[in-house]
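Inspection log for the structure reproduced underneath, given as structure tokens.
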Amino acid sequence: MDNLSANKTPTIRVWAARHKVELCLTPTYASWANPVEAQFGPLRTCTIGNSTHPNHTVLARELQAYLRWRNANARHPDVLAASRRERARVRSQRQQR
């Protein structure tokens, strides 16, 4: 989690200790997920964006189908090119913050 002061309150620390959760704080405005953020763009575009899933079960099936397809085609040149474009987009957004 980020180094936001709200994440370090006594209430949060007590909850974490009670549930055996270790709080790992990152520098403010730095995300632990930066390496994987680029994977969410295509997922949003291919599965979630402009969709009208009637319920969570259908959405879960679509997400699983996308992940199966993505894993089966991980080394395809078009998939690799799309991943590079998305990583560049994420990097450029980080510099705008």
Problem - Residue pair Trp69 / Val79, side-chain heavy-atom distance below 4.5 Å - result: yes

Exercise for the section: Enter the distance from Arg75:CZ to Leu80:CG here, rounded to the nearest 0.5 Å. Expected result: 5.0 Å

Handout entry: Thr47/Arg70 under side-chain hydrogen bond (donor to acceptor under 3.5 Å, both in side chains): CA gap, chis, key distance, verdict
Key = CA-CA 12 Å; Thr47 306; Arg70 176 63 175 83; over 6 Å; no

Handout entry: Closest non-hydrogen atom pair, His53 against Glu62
Key = NE2-CG, 3.5 Å

Handout entry: Side-chain donor/acceptor of His76 to backbone N/O of Asp78, under 3.5 Å
Key = yes

Exercise for the section: Any chance you could measure Leu59, atom CG, to Thr52, atom OG1, to the nearest 0.5 Å? Expected result: 11.0 Å

Exercise for the section: Calculate, to the nearest 0.5 Å, the distance between atoms CG and CD1 belonging to Leu43 and Ile48 respectively. Expected result: 5.0 Å

Practice task
With rounding to the nearest 0.5 Å, note down the distance linking CG in Leu63 to NE2 in His56.
Solution key: 10.5 Å

